[in-house]
There are 2 protein chains.
Amino acid sequence: MAENKNQDLKNLGEFGLIDLLTKNIEIKNSSTKMGVGDDAAVLDYKNKQVVVTTDLLLQGIHFDLVYTPLKHLGYKAVMVNLSDVFAMNATPKQITVSIGVSSKMNTVALETLYEGIKLACDKHGVDLVGGDTSSSLTGLTISITAIGEGDENDIVYRKGAKPNDLICVSGDLGGAYMGLQLLEREKRVHEGNAKVQPDLSGYDYILERQLKPEARGDVIAFLKEIGVKPTSMIDISDGLSSEIKHICKNSGTGCRIYENKIPIDHTTSLMAEEINMNPTVAALNGGEDYELLFTISMDDYEKFSKETDLKIYTIGHITEESKGCYLVTNADQEIELQAQGWNALTGNNEQ
Amino acid sequence: MAENKNQDLKNLGEFGLIDLLTKNIEIKNSSTKMGVGDDAAVLDYKNKQVVVTTDLLLQGIHFDLVYTPLKHLGYKAVMVNLSDVFAMNATPKQITVSIGVSSKMNTVALETLYEGIKLACDKHGVDLVGGDTSSSLTGLTISITAIGEGDENDIVYRKGAKPNDLICVSGDLGGAYMGLQLLEREKRVHEGNAKVQPDLSGYDYILERQLKPEARGDVIAFLKEIGVKPTSMIDISDGLSSEIKHICKNSGTGCRIYENKIPIDHTTSLMAEEINMNPTVAALNGGEDYELLFTISMDDYEKFSKETDLKIYTIGHITEESKGCYLVTNADQEIELQAQGWNALTGNNEQ
């Protein structure tokens, strides 16, 4: 189109904006009978079970547009929802996206946000089937609901862990939190002196962990490939400590996590050292890593010998409930795990 | 519990708040396999099709807490979503509720909001199966997704209307908009002189239309009872004019709506007169009435002779597309219908 792409939102109107943002959407799944364009989407799952999850992302609480590129934000907003679907051992198939936008935001910015949303959908074969678009008197609001499918016998809940089960995690932890600390520090420096450019060199890994997390569909596919159904599973959005406690509470068990087994990337450790923080604390309470935390029966352990590029770490084991939930430190001390986590209500990631 | 019920949100934490708000939730539907308490809800629809719809409600855009009781707000937030499910000729079964709350709001206020949410769920046998809870730096944000089921052959889309089909509406129009005008006027009066109490007497009906709309599940049940499947259907959230144009656009047809057939309550007319507005304009463009607008084949017309307390009005008919979409006025003039509607992007309900 030759006309000015940067159209004014008010002139475009809600229906015009929806048309603009959804014009290139192609339906990829046979379960999507009707996507955008009616009162509701229509889905057909035949004999599968349906999983539904939703996340609300608010500007200033969950993201800071000063250092969050809109394309990354759209991508991440989808990924955090798909991560919840994978954590049920299910396959995401559809999402709905609702956005509230301030009049300061233009259509090019919104199209950039949707580029990220579509990229995440394409990566996992997910259809965008509906949503809602509104103006916002304040910041950007993004609400995404993800829908997926799984066979009844395949769905994995938080409950189901048994004593002696092994506790596994699909990747290193604490990186997303350290990426956030770095971005917040450089933002403060930049605000103090606008001529100073942020120094982010050498920290690509933790920045990507914070800004562009990946939902671990590859891990779910690998577990299926080797014929392992976890006894329980959760995704790590609030920190290892909080998540393992959810599994233990729901399963009626305790656990032992070994500090020296917790996978931490060297970039995470470097950044933690810079800000005088114990990287284990970042792994336990940092959150937003979006790795999968799951338990497996000891009998399934040998199945993991199959060659793979994936790194799956065994970090502890499940115990009887009476034994409590403890971290065994490098100094061989037992410290009770606290579900401090990332608390969206106190907004402590913004401190 | 003897302790102070009005707990501070920050002390309660996200998980504590979720527990508080979802503690009395009972699962009512066999399709709900897992509700609140895991990464995602798990649903089982067997051979039914699944419909999914979502709405985002933002303080200052969609509601004004100055005159909107929180219990009504929760009720309405659910009803507007259920209305979309009914508009597919489907039955709502589950909702997820995400809220962003400012620290100014206390737990008693949130529990009141959830009372309204649960009341609406109970009224239609719907399960609350998940959601997300966050702090908000600004106003209250409510995002609801509703999920329902229907037989593949029963689902009704916006497309499907045929020339000569009759256009029906399930109740009177323009009332919700007039209720809003009244509330806004009294708010202005009250702001001008805080000693003046709002004068809302005699206007209960339009206030209820605005503050406590009802999704028309009773109409869907009646249509099933008399064996009528509409050829197309939509719910009236943006005004009659906008909605009938959606049906015509999706069906590739035109229409004639007769001004003297449009049902308008006398309270709506009275209020319109007070503010020098044509009540037909309120019906056409006011929005938020949440009545069902549907088309039926002429062959089905006689089935509506069955006795019922429901009022279903025939307001026009579908034409060939080339005839366009027109209102036939009381003066027998034809005026082209404009999809002006209620525009959440320009927030014109706030003017």
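Hydrogens, waters and symmetry mates are skipped; everything else that's a heavy atom, side chains included, is used. Letters A, B, ... mirror the listed sequences (proteins, then strands); counts begin at 1.
Of the listed residues (D55(B), V85(B), N250(B)), the greatest number of heavy-atom pairs within a distance under 4.5 Å of chain A belongs to D55(B). Note on M233(A), K33(A), H246(A): by heavy-atom pairs under 4.5 Å with chain B, the leading option is H246(A). Chain B forms the most heavy-atom pairs under 4.5 Å with one residue out of T141(A), I234(A), D84(A), I99(A), and that residue is D84(A). Of the residues considered (A41(A), A90(A), S98(A), G150(A)), A41(A) shows the highest number of contacts with chain B, using heavy-atom pairs under 4.5 Å. Ranked by heavy-atom pairs under 4.5 Å with chain B, the first of K46(A), M88(A), E149(A) is M88(A).
For E152(B), the part lying near chain A is the side chain, with the backbone staying farther off; criterion is any non-hydrogen pair under 4.5 Å. At a 4.5 Å heavy-atom cutoff, the contact between T96(A) and chain B is made by side-chain atoms alone. Using a 4.5 Å cut-off between heavy atoms, L58(B) touches chain A through its side chain atoms alone. Proximity to chain A involves both the backbone and the side chain of V52(B), based on heavy atoms less than 4.5 angstrom apart. Using a 4.5 Å cut-off between heavy atoms, I155(B) touches chain A through its side chain atoms alone. With a 4.5 angstrom heavy-atom cutoff, L57(B) does not touch chain A via any of its atoms. Of the two parts of N81(B), neither the backbone nor the side chain holds a non-hydrogen atom closer than 4.5 Å to a non-hydrogen atom of chain A.
Shortest non-hydrogen contact noted between D44(A) and K48(B) is OD1-O, 4.3 Å. Heavy atoms only, all atoms of each residue included: L56(B) and D132(A) are closest at N-OD2, 2.8 Å. Residues S134(A) and H62(B) approach most closely at OG-CE1, 2.9 Å, considering heavy atoms.
One N or O on the side chain of D38(A) and one on the backbone of R158(B) form a donor-acceptor pair closer than 3.5 Å.
The closest side-chain heavy-atom distance from T53(B) to D39(A) is not below 4.5 Å. At least one side-chain heavy atom of V42(A) sits less than 4.5 Å from a side-chain heavy atom of Y157(B).
Atom CD1 of residue I95(A) and atom OG1 of residue T145(B) lie 11.5 Å apart, to the nearest 0.5 angstrom. Atom CE in M34(B) sits 6.0 Å away from atom NZ in K159(A) (nearest 0.5 Å). Atom OG of S143(B) is separated from atom CD1 of I144(A) by 10.0 Å, given to the nearest 0.5 angstrom.
In K249(A), the NZ atom is not crowded: 12 or fewer heavy atoms of neighbouring residues, nucleotides or ligands sit closer than 6.0 Å.
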Original post:
Step by step, would you call L137(A) with I61(B) a side-chain contact (heavy atoms from CB on, under 4.5 Å)?
Top reply: CA-CA 7 Å; L137(A) 288 184; I61(B) 301 290; 3.7 Å; yes
